[in-house]
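Below: the structure, in structure tokens.
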Amino acid sequence: MEQSGTSSLLQGAVQDLASAVVSALRSGDHTRAAAPERAHAEAEDLALAAVRVLGADALLPSTLLHTPPLPDELAVFRKAVEAYPPGADAAPTVRWSHWAMRHTLRRVDPGHADTPHQEPDAAWLEGATWQLLTHQLAVLAALAVPGEDCAVARAARQRPVDVARGFVRAVRRRDWRQAAGAGRWLTLLEGVPQTLGLDNGLDFVELMGGQDPLVALQVSAARLTRTGAFV
């Protein structure tokens with residue numbers, strides 16, 4: 001029961017943080033990530049875990065809107081990066097998520113004493129079925145940032161039709177989170193079939209799943225990328 005309660009608290013913290021990011025992206029104004037209550041160790045741990053779950057997207061307004069994060073927001077993000085390094089047996093998506101957070105931290109905080117880390121291995125995406133590829137890309141949607149280049153992004157660029165197929169499949173399965181993540185990637189890819197109707201597809205995903213802040217975050221990021229409003 002205690003574990004279930006902790007899981008519910010974490011889910012709530014992640015949803016609150018995602019909602020704050022969505023608000024910032026939609027308004028074009030920067031809002032802070034939920035900073036932990038320093039006097040409450042449990043609340044601080046929960047906030048750090050929520051940032052880790054959201055990954056680099058916790059600072060997405062700074063990335064897309066080019067607004068510097070507030071000092072306490074940056075401090076929470078930095079601590080989350082330092083507190084949750086991937087273990088030796090971590091899954092590739094966990095390693096890539098951590099790499100993306102460190103990459104983001106170096107970009108928004110040039111004074112941070114951190115050296116660039118080599119990209120994790122992306123070989124597991126080579127030869128992946130289009131279903132698996134779409135699933136993995138959706139999990140790593142925080143890497144779908146305009147102008148950024150990495151092995152995962154290159155793998156996506158090589159298979160736009162497969163990602164489009166995955167997007168359609170996710171919509172048909174009503175997996176709105178995966179559809180939103182795949183749609184975000186598609187806004188960055190060349191060679192996406194025009195018959196896909198991506199703009200209408202994003203509208204539909206937002207309509208059906210937009211009450212979920214994690215879906216709304218991906219759709220908002222996709223729209224900013226699609227319209228070039230981040231420039």
Side-chain angles (χ1 to χ4, degrees), residues 11 14-15 18-19 21-22 25-26 53-58 60-61 63-64 91-97 99-100 104 120 122-231:
Q11 290 179 24
V14 172
Q15 298 263 323
S19 294
V21 172
V22 171
L25 294 176
R26 288 179 173 174
V53 170
L54 214 58
D57 276 346
L60 190 58
T63 298
L64 292 183
T93 51
V94 173
R95 293 181 179 276
W96 271 101
S97 178
W99 177 88
T104 298
W124 97 101
L125 291 177
E126 297 178 6
T129 64
W130 59 269
Q131 297 95 329
L132 177 60
L133 175 70
T134 304
H135 175 265
Q136 298 290 273
L137 289 177
V139 171
L140 293 173
L143 289 165
V145 177
E148 294 290 348
D149 186 39
C150 65
V152 172
R154 291 190 291 272
R157 287 200 296 267
Q158 292 172 5
R159 300 174 64 181
V161 175
D162 283 343
V163 181
R165 291 176 69 190
F167 174 78
V168 172
R169 178 176 182 266
V171 170
R172 288 176 174 171
R173 293 166 62 92
R174 306 178 71 84
D175 187 342
W176 308 123
R177 289 187 181 181
Q178 184 172 133
R184 179 174 169 184
W185 276 106
L186 286 168
T187 62
L188 294 174
L189 306 183
E190 296 182 1
V192 176
Q194 292 187 357
T195 53
L196 177 66
L198 181 57
D199 289 328
N200 289 336
L202 289 172
D203 287 344
F204 184 71
V205 171
E206 183 177 39
L207 175 66
M208 299 302 294
Q211 296 302 311
D212 180 349
L214 294 172
V215 172
L217 187 158
Q218 302 297 350
V219 173
S220 296
R223 291 194 187 287
L224 284 171
T225 302
R226 191 76 164 165
T227 61
F230 58 88
V231 179

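This one's a predicted model, so the numbers in the text were calculated from it and none came from an experiment.
Note that the CZ atom of Arg226 and the CG atom of Leu188 stand 10.5 Å from one another [nearest 0.5 Å]. The CD atom of Gln136 sits 12.5 Å away from the CD atom of Gln131 when rounded to the nearest 0.5 Å.
Residue pairs meeting the side chain to side chain donor-acceptor pair (under 3.5 Å) criterion with at least one partner in residues 137-147, sequence neighbours excluded, are absent.
Side-chain contact between Leu214 and Gln15 is present, with heavy atoms from C-beta onward closer than 4.5 Å. Inter-residue side-chain proximity for Leu25 and Arg223 is flagged as unmet; no heavy-atom pair is nearer than 4.5 Å. When side chains are defined from C-beta on, Glu148 does not count as touching Leu143, because their heavy atoms never get closer than 4.5 Å. Pro146 places a side-chain heavy atom less than 4.5 Å from the side chain of Leu64. Annotation: side chain of Leu202 is not in contact with side chain of Arg184 (no heavy-atom distance under 4.5 Å). Between Asp175 and His135, every side-chain heavy-atom pair lies at or beyond the 4.5 Å cut-off. Leu186 is listed as a side-chain neighbour of Leu196, based on a closest heavy-atom distance under 4.5 Å. Residues Val145 and Thr104 have side chains not in contact (no heavy-atom distance under 4.5 Å, counting atoms from C-beta outward).
No side-chain donor-acceptor contact under 3.5 Å links Ser97 to the backbone of Thr93. At least one donor-acceptor pair closer than 3.5 Å links the side chain of Trp185 to the backbone N or O of Leu137.
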With side-chain contact (heavy atoms from CB on, under 4.5 Å) as the test, would you mind laying out the steps for Thr134 and Asp162 before giving the verdict?
CA-CA 8 Å; Thr134 304; Asp162 283 343; 5.8 Å; no

Stepwise, does the side-chain contact (heavy atoms from CB on, under 4.5 Å) test hold for Asp212 with Trp176?
CA-CA 9 Å; Asp212 180 349; Trp176 308 123; over 6 Å; no

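Closest heavy-atom contact between Leu60 and Ala221: CD2-CB, 3.8 Å. Scanning all heavy atoms of the two residues, the minimum distance from Val192 to Leu189 falls at CG2-O, 3.6 Å. The shortest non-hydrogen separation linking Ala128 to Leu132 is CB-CD2, 4.0 Å. Gln218 approaches Ala141 most closely through the heavy-atom pair OE1-CB, 3.4 Å. Contact detail for Leu125 and Arg159: the closest heavy-atom pair is O-NH1, 3.8 Å. Val205 and Ala179 get closest at one heavy-atom pair: CG2-CB, 3.9 Å.
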Under 3.5 Å, which donor-acceptor pairs link side chains of residues 164-174 to any protein atom two or more places apart or in another chain?
none

